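This report refers to the structure that appears directly beneath it.
Since the structure is predicted, the reported quantities are computational estimates derived from the model, not experimental observations. Proteins come first, then strands; the chains are lettered A, B, ... in the order of their sequence lines, and each starts at number 1.
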2 protein chains.
Amino acid sequence: MNKKPSLSLGFLEGLIGFRLRLAQIALFDDFERAMRPFDITPTRFGALSLIDANPGLSQMQLAKAIRLDRSTLVALLDHLEKRSLVQRRPSATDKRTNELRLTPEGRLLLGKLKRRVQEHEKRMFGKLPADERAQLARLLEAVSAMKTKQVIEI
Amino acid sequence: MNKKPSLSLGFLEGLIGFRLRLAQIALFDDFERAMRPFDITPTRFGALSLIDANPGLSQMQLAKAIRLDRSTLVALLDHLEKRSLVQRRPSATDKRTNELRLTPEGRLLLGKLKRRVQEHEKRMFGKLPADERAQLARLLEAVSAMKTKQVIEI
DNA sequence: TATTGTTATACTCTATAACTATA
DNA sequence: TATAGTTATAGAGTATAACAATA
């Protein structure tokens with residue numbers, strides 16, 4: 001009946017990168033489920049949050065901040081603008097750029113989303129004691145800060 | 001000259017999920033760079049490692065272990081088989097299934113890859129003291145273990 | 001000359017549905 | 001009836017290259 005000798009992880013067992021990957025999958029899964037009714041992905045949520053925190057920023061600034069190519073950002077903003085969540089306003093000072101702002105609807109929705117995301121974080125990390133959560137955040141930051149030092153040749 | 005007041009992270013600032021996302025991006029970046037000469041992605045590396053550690057496993061078993069649909073796995077295995085790294089062998093006991101094994105070339109390559117991955121892990125986590133690395137691994141496992149308890153309705 | 005936003009295009013990764021052969 | 005592997009297909013999400021407007 002039960003054919004589950006459960007596979008050995010082998011070399012993967014000891015890799016922190018592998019553990020991080022699994023955690024990321026679990027996290028994304030729960031995030032996606034929480035946001036499904038709003039059709040909001042982590043990237044879209046990131047864009048909304050950054051526009052909210054930095055009203056008037058340009059598309060290039062936003063693209064860099066969320067690690068997207070500027071061409072990729074166009075479609076994302078088209079989507080958010082079509083939903084009347086975000087507004088592109090041509091800048092007066094540099095006519096090449098657009099200033100990005102949330103609409104009132106955008107702010108309203110983001111408020112709801114933030115509460116959802118807080119619940120999501122609580123589900124995923126709430127079981128950990130506060131000091132371990134802080135430790136985890138600190139360690140993850142340290143990892144992000146690590147830039148590739150050496151370029152490797154075959 | 002320098003137009004970098006650097007954006008505010010706003011709400012994202014306090015999110016562990018966001019930190020994890022950034023760490024994942026940095027990690028993937030370095031992994032990709034290290035593996036580029038071999039055309040090996042994290043998923044392919046995972047598949048090779050699991051086949052190595054569980055010779056004779058079926059495609060379904062592998063698919064579940066690396067969180068892919070069985071249809072998605074087909075192309076991945078086609079690729080690895082075309083490169084003579086993996087072999088599909090029809091099972092004698094259940095003729096619907098294939099037994100997966102590394103070829104000698106596959107084993108040879110995996111050996112090289114493992115060394116690369118160890119270097120990669122050292123680059124990304126080597127600066128952390130050993131006890132913090134262990135703590136990080138432990139916390140990430142705890143996060144993965146967290147299953148979504150409640151299903152959320154709008 | 002360089003940068004910004006845009007478009008056209010293509011590539012990668014993934015899943016769903018339907019087929020076949022076995023169980 | 002159900003499962004394993006396959007195929008056809010489509011949908012996200014991403015990047016590269018070229019273009020017009022502006023700096």
Whole Å only: how far is the [atom1] atom of [X] from the [atom2] atom of [N]?
{"X": "A/F28", "N": "C/dT14", "atom1": "CZ", "atom2": "P", "result": "12 Å"}
{"X": "B/Q87", "N": "D/dG5", "atom1": "CD", "atom2": "P", "result": "15 Å"}
{"X": "A/D39", "N": "D/dG13", "atom1": "CG", "atom2": "C1'", "result": "14 Å"}
{"X": "B/L62", "N": "D/dA4", "atom1": "CG", "atom2": "P", "result": "13 Å"}
{"X": "A/K64", "N": "C/dT3", "atom1": "NZ", "atom2": "C1'", "result": "9 Å"}
{"X": "B/D78", "N": "D/dT7", "atom1": "CG", "atom2": "P", "result": "7 Å"}
{"X": "B/D94", "N": "D/dG5", "atom1": "CG", "atom2": "P", "result": "8 Å"}
{"X": "A/I25", "N": "C/dC13", "atom1": "CD1", "atom2": "C1'", "result": "13 Å"}

So which pairs with a foot in [range] pass ring-ring contact (aromatic ring centres under 6.0 Å, His included), sequence neighbours left out?
{"range": "residues 82-131 of chain A", "value": "A/F31-A/H120"}
{"range": "residues 55-80 of chain B", "value": "none"}
{"range": "residues 53-72 of chain B", "value": "none"}

Residues forming a side-chain hydrogen bond (donor to acceptor under 3.5 Å, both in side chains) with [X], sequence neighbours excluded:
{"X": "B/T41", "result": "none"}
{"X": "A/D131", "result": "none"}
{"X": "A/R89", "result": "A/Q87"}
{"X": "B/T43", "result": "A/R21"}

[X] bridged to [Y] by N-O distance under 4.0 Å:
{"X": "A/E105", "Y": "A/R83", "answer": "no"}
{"X": "B/R19", "Y": "B/E13", "answer": "yes"}
{"X": "A/R115", "Y": "A/E119", "answer": "no"}

Tell me which nucleotide among C/dA23, C/dT6, D/dT6 gets nearest to the side chain of A/V74.
C/dT6
Per atom distances to the B/T97 side chain, the nearest of C/dA23, C/dT4, D/dA4 is D/dA4
Hey, what are the protein-to-nucleotides 9-11 of chain C N/O distances that come in under 3.5 Å?
none

Qualifying residues under salt bridge (Lys or Arg N to Asp or Glu O under 4.0 Å), relative to B/R88, sequence neighbours excluded
B/D78, B/E81
Can you list the residues that meet the salt bridge (Lys or Arg N to Asp or Glu O under 4.0 Å) rule with B/E99, with sequence neighbours excluded?
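Applying salt bridge (Lys or Arg N to Asp or Glu O under 4.0 Å) to B/E99 gives B/R101.
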Residue closer to the 5' end of DNA chain D, A/T41 versus A/A92 (nearest nucleotide):
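The residue mapped nearer the 5' terminus is A/T41.
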Has A/Q59 got a side-chain N or O lying under 4.0 Å from the OP1 or OP2 atom of C/dT6?
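Looking at the OP1 and OP2 atoms of C/dT6, one of them is under 4.0 Å from a side-chain N or O of A/Q59.
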Quantify the bending of the helix from C/dT1-D/dA23 to C/dA23-D/dT1 as the angle between its end axes, each fitted on five pairs, to 10°.
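Comparing the axis at each end, I get an angle of 0°.
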With the criterion being N/O to N/O and under 3.5 Å, what pairs connect the protein with nucleotides 14-19 of chain D, and how long is each?
{"unit_1": "D/dA15", "atom_1": "OP2", "unit_2": "A/D69", "atom_2": "N", "d": "3.0"}
{"unit_1": "D/dA15", "atom_1": "OP2", "unit_2": "A/T72", "atom_2": "OG1", "d": "3.0"}
{"unit_1": "D/dA15", "atom_1": "N7", "unit_2": "A/T72", "atom_2": "OG1", "d": "3.2"}
{"unit_1": "D/dT16", "atom_1": "O4", "unit_2": "A/S71", "atom_2": "OG", "d": "2.8"}

